[in-house]
Amino acid sequence: MPEIPKTYEANKYEDEIYKLWEKSGFFNPDNLKLPKNAKSYTIILPPPNITDKLHLGHASTIAIEDLLIRYHRMKGFRTLYLPGTDHASIATQNVVEKKLLKEKGITRHDLGKEKFLKEVWKFLRDTQATILNQAKKMGGSFDWSREAFTLDETRKKAVRKMFIDMYNEGLVYRGKRIVNWCPRCKSTLADDEVEYKEEIGKLYWIKYGPFILATSRPETKLGDTAVAVHPSDKRYKKFVGKKYKIPGVLGEFEVMVVADRAVDPKFGTGVIKVTPAHDFTDNEIAMRHNIPMKQIINEDGRMMENCGKYAGLTTKEAREKIVADMEKMGLIDHIEENYVHNLATCYRCGSVIEPIPSNQWFLAVDKKLKRLGNKSLKEKAIEVAKNGKIEFIPFRFTKRYIDWMTNLHDWCISRQIWFGHEMPIWYKNDEIYVGEKAPNGKGWTKDQDTLDTWFSSGMWTFSTLGWPASVKTMAGKPDKIIKTGDLARFHPTQVLETGYEIITLWVSRMIMMTIFALGEIPFENVYLHGMILDKHGKKMSKSKGNGINPLDMISKFGTDAVRLSLMMGSTPGNDAKLSEEKIESFRNFVTKLWNIYRYCTSASSNFILISDVRKEDLKSLSDKWIVSRVNEVIFEVEKNISEYKFSLAGEKLQKFTWDELADWYLEIHKLEKNDKVLGYILDKILKLWHPFMPFVTEKIYSDAKHKMLMVEKWPESDKKLIDKKAEKEFQELQEIIGKIRNIRSSYHIDLGKIISATANKISNKEIIEKLARVKIFSEKSTKKLIKVSSLGLDVAELIDTEKEKKSLEKEIENLENLISKNSALLANKNFLKSAPKEIVDNNKNKMLEYKTKLKTNKELFNNLR
RNA sequence: GGGUGUUUAGCUCAGCUGGUUAGAGCGUCACAUUGACAUUGUGAAGGUCACUGGUUCGAGUCCAGUAAUACCCACCA
């Protein structure tokens, strides 16, 4: 037998093990030898953005998803884990822009669209390769033959089809609306791409015809077309419905006074100026009262030609000038300094957002569709969460999802970004054509915008499984969708595992788009992990430099340790802290497991893993105990995994492996040498651990058995081997040994020294002698004795009587308290009446135990003189 | 302004539908160590389960409120 190294060297084995798995072909469910009716189990990897390398959040996703995947593969499911990446249009464009600026000092406009996109693709190929390599390093059992990218040819086709279908059903439309506009990115932003930052500014109280009103943006006065007050505000009732001439820096202009609920009578003077073109609330007011819109700010964030001498100034410059001019004209009542308000900024570049009116494409979320039972996408998307078709884990996120969906407005899907999905739209003067190819005839130009990145990622679960090629409709029943191929076999998927911060951006869109395309849900469960924070509970970020790079950790401690540390001690939806020390401690555990194997091979020259034992194979109490325990652990681990309690499952396994198997059974095996049981236990724990730490378990298993663990059958808990009586007896044995060790420790007796004890009749004598390092004689010695158990074992040694008395006194007092508490409970008629029988019996048994213990302790106390 | 978490040992966290003397890891202290493993073993100390009420035979667990803290949403004209 070749020498097995002392420690498991992860770096040495991991790559070759991964290659072994890949070569086997079992990552692809088509190669699994399964009965035809085997159920499928699918997870599509949330595609990481190709902007950067993977971080711990991704690592955590892969650790959890791959655990589920490996578990179900072993359980005999037709298991598919499909990998891919996301083009992340605006984010990627910004990264490349920054890079260009830094390296060559040029902007994308200097390069032009075509060359710029070439740069993007060059960048993308690099990061994409890095990401996929990292995903392999994490041990993810991905089916690489089905790898996808949100902007590859297959997905482009799917996206076009989706857009055209939605347009034809009237869900996608073009409209002039005010949008969040980033003057730097020169693009619209979705509501949730806007970040609010607190800013200390000024509040200007201005004289406004018959009113005084407060505004933080006096420059927008040039675009005012109305004044609004609250309908029930008595102060201003007489003004409502009338028109007034207002003096302004560019001369007089006319506004109408309207009453609208949106006005807060407590803010300022209770009067607001209405700028429909540059404020969302004002725009809504204007729509309700048919007030005209006057645009004064352009796409560069500058004042337009209609602003006279202010034309061309940025809004900030214009504000200063206009305020100065208004002051000269006596139009400023007063200026409130240090006014705290929230400023809308671009989540990508941080520039101030200007709301401006613009022609954009929208997805109607409230439009009712006949084929959806006359319900809108929004209604259907809420319905599937309410009726539990989609379950969120933890459950509380269901509410967050529903709340957000309820308030959802039409989704602006066009972006003025170069990098992204082109929209299949052509224009000719006022005509619009939507379709695969440009219409016949001259003068048609293609739309230059691209789609919001979430449009294509919203289609991720089905665009990766062959949609639209793999759907058919029946003649005469155009609404009935028939799935074929992968789509039929793997959709809906089972789980989406992602961070909770992405529910609104992504999860909701996937649900709506899948309902539209297939009339079904994209996934059954949404498992949400928290954020991975540093050891002080701070967010990891590049600027703080407190980030942990998963690849560094993998090369230092191995993938198994990294996966375990991301899994353990974290609960769904809650943030988890991670430190190098934590990963290190799990590396130690991997080594422990390795050494358990090492012991096994060294203890017997022809050690083999054994998948089944019979009762006759269990020779001793210890055998019965460990076999009983492992079968309980199988049951518990399986239960915990099915409830998504991975941390709990891992904890139980870890305790079993380290505290029960290594610390007790292995020591006893050195005496009893039942290799069959040892082989059985190791076989079981390797299988149970495999989804948590695939590499080390595979290495041991395939070395020992020359079979691939990844596709072995998951163990089943054998109820017949669970032996509660043996467990109780073994526990007593542990208590005796513990008590002797305790005595030894409290009297500072070296472990090297064998102490003597007397007992007339005792079982498992050798075990006690070895583990507690005692020599048991049948003759009573003349020395002082300490009785350590009711089984009749006495330990004789040099004993500090006073010390022992004190500890016995403490124990006696403790027991007496318990007994009085318990007897009061047992005397309580209400307790006897309402508590379940089990609990009552349990308490009665406990009572007996306490009393016996108390008796022996009292005897011992009296014996001490 | 509305909402959701979290609060349990020095630190990091478990504790499933209420029912053993509330657990673990790290850290601390004491001891051990020629082999499966110093990436180790044995033992010990350490907790009014944030606070105040309530429900219950019984509350770390359920309810109401308070406080600290983290986050989400809305948005401030």
Side-chain angles (χ1 to χ4, degrees), chain A residues 4 6-8 191-192 196 203 213-217 220 228 262-264 267-268 271-275 279-282 285 339-342 344 394 396-397 399-400 403-404 407 500-501 503-504 530-531 533 535 537 568-571 573-579 581-582 584-603 639-640 643 645 647-648 651 654-655 659 662-663 666-667 670 738 741-746 748-752 771-773 814-815 817-818 821-822 825 828-836 838-840 842-843 845-846 849-850:
Chain A
I4 297 168
K6 271 191 168 188
T7 53
Y8 169 73
D191 290 348
D192 36 51
Y196 290 92
L203 187 65
L213 55 82
T215 177
S216 61
R217 300 199 60 186
T220 60
V263 183
D264 176 5
F267 183 89
V271 185
I272 66 164
K273 59 192 215 54
V274 179
T275 322
D279 184 282
F280 285 93
T281 317
D282 292 5
I285 294 173
Y339 175 66
V340 181
H341 65 129
N342 281 333
R396 65 172 187 273
F397 285 99
K399 190 178 170 335
R400 192 191 278 192
D403 284 353
W404 189 82
N407 295 319
Y500 57 74
E501 72 278 2
I503 297 179
T504 52
M531 273 188 301
L533 308 172
K535 63 174 161 186
M568 304 285 265
S570 69
T571 38
N574 287 344
D575 296 344
K577 296 182 180 93
L578 186 73
S579 60
E581 293 89 322
K582 186 174 174 186
E584 192 183 351
S585 76
F586 283 108
R587 192 270 320 267
N588 295 353
F589 178 69
V590 171
T591 310
K592 188 76 188 178
L593 182 67
W594 181 255
N595 275 289
I596 289 172
Y597 167 58
R598 206 165 158 249
Y599 168 78
C600 292
T601 54
S602 71
K639 185 166 175 279
N640 287 153
E643 290 166 341
K645 290 174 185 164
S647 180
L648 214 55
E651 211 177 289
Q654 191 182 1
K655 251 184 211 158
D659 300 352
D663 290 348
L666 250 48
E667 292 307 319
K670 288 172 186 172
R741 283 169 173 173
N742 188 324
I743 289 167
R744 179 194 285 283
S745 173
S746 46
H748 300 288
I749 303 164
D750 283 4
L751 265 173
L771 297 195
R773 300 190 63 76
N814 191 9
L815 284 166
N817 277 338
L818 282 170
K821 226 164 104 184
N822 230 287
L825 189 63
N828 187 332
K829 275 179 196 159
N830 278 328
F831 172 70
L832 297 174
K833 204 171 64 190
S834 25
E838 272 173 43
I839 302 294
V840 178
N842 213 341
N843 277 61
N845 288 338
K846 265 189 295 176
E849 263 177 52
Y850 296 155

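So you know, we letter chains A, B, ... as the sequences are listed, proteins then strands, and number each from 1.
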Provide the Watson-Crick or G-U wobble partner of [N], both distances under 3.5 Å; none if there is no partner.
N	answer
B:U4	B:A70
B:C57	B:G19
B:G35	none
B:U12	B:A24
B:G43	B:C29
B:G65	B:C51

Would you indicate what [X] reaches in the nucleic acid, counting non-hydrogen atoms under 4.0 angstrom: base, sugar-phosphate, or nothing?
X	answer
A:Y850	base
A:A662	base
A:S216	sugar-phosphate
A:N842	nothing
A:L203	nothing

Of the listed nucleotides ([options]), which one gets closest to any side-chain atom of [X]?
X	options	value
A:K399	B:U4, B:G15, B:C37	B:U4
A:L648	B:C37, B:U39, B:G15	B:G15
A:K846	B:G43, B:U20, B:A36	B:U20
A:T591	B:U40, B:U39, B:A77	B:U39
A:L815	B:G5, B:A36, B:U21	B:U21
A:D282	B:A36, B:A77, B:C16	B:A77
A:I839	B:G19, B:A36, B:A77	B:G19

Presence of [X] side-chain N/O under 4.0 Å of [N] phosphate oxygens OP1/OP2:
X	N	result
A:Y599	B:C37	no
A:K821	B:U20	no
A:T571	B:A14	yes
A:T281	B:A77	no
A:K639	B:C16	no
A:N640	B:C16	no
A:R598	B:C37	yes
A:K655	B:G25	no

If the [atom1] atom of [N] is compared with that of [M], how far apart are they to the nearest Å?
N	M	atom1	result
B:G27	B:G65	C1'	37 Å
B:U48	B:C57	C1'	23 Å
B:G19	B:C62	C1'	14 Å
B:U7	B:C51	C1'	11 Å
B:G41	B:C37	C1'	10 Å
B:A24	B:A44	P	11 Å
B:C11	B:G47	P	13 Å
B:U4	B:A45	P	43 Å

**Prompt:** Should A:K670 and A:E667 be marked as a salt bridge (Lys or Arg N to Asp or Glu O under 4.0 Å) after you check the CA-CA gap, both sets of side-chain angles, and the distance that decides it?
**Reply:** CA-CA 5 Å; A:K670 288 172 186 172; A:E667 292 307 319; 3.2 Å; yes
Close side-chain approach of [X] and [Y], heavy atoms under 4.5 Å:
X	Y	value
A:K273	A:T220	yes
A:I285	A:I272	yes
A:I4	A:T601	yes
A:Y8	A:L593	no
A:R741	A:L771	yes
A:F397	A:I503	yes

Expressed in angstrom and rounded to an integer, what is the separation of [X] atom [atom1] from [N] atom [atom2]?
X	N	atom1	atom2	result
A:I4	B:A36	CD1	C1'	10 Å
A:M531	B:U69	CE	P	18 Å
A:E651	B:A14	CD	P	10 Å
A:L825	B:A59	CG	P	11 Å
A:R400	B:C72	CZ	P	8 Å
A:W594	B:C37	CH2	C1'	13 Å
A:D663	B:G43	CG	P	9 Å
A:D659	B:G23	CG	P	14 Å

**Asked** Taking atom types as modelled, is there a side-chain donor on A:Y500 or A:D575 under 3.5 Å from an acceptor on the other?
**Response**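 Indeed, the side chains of A:Y500 and A:D575 share at least one donor-acceptor pair under 3.5 Å.
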**Message:** With nearest nucleotide decided by heavy atoms, which residue, A:K273 or A:N574, maps closer to the 5′ end of RNA chain B?
**Reply:**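 Nearer the 5' end of the strand: A:N574.
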**Item:** 5' priority, RNA chain B, between A:K645 and A:F589 [closest heavy atom]
**Value:** A:K645
**From A:S602 atom OG to A:N595 atom CG, the distance as rounded to the nearest 0.5 Å** =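 The CG atom of A:N595 is 9.5 Å from OG of A:S602, to the nearest 0.5 Å.
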**Asked** So does A:K6 reach the base of B:C37 with its side chain, donor to acceptor, closer than 3.5 Å?
**Response** no
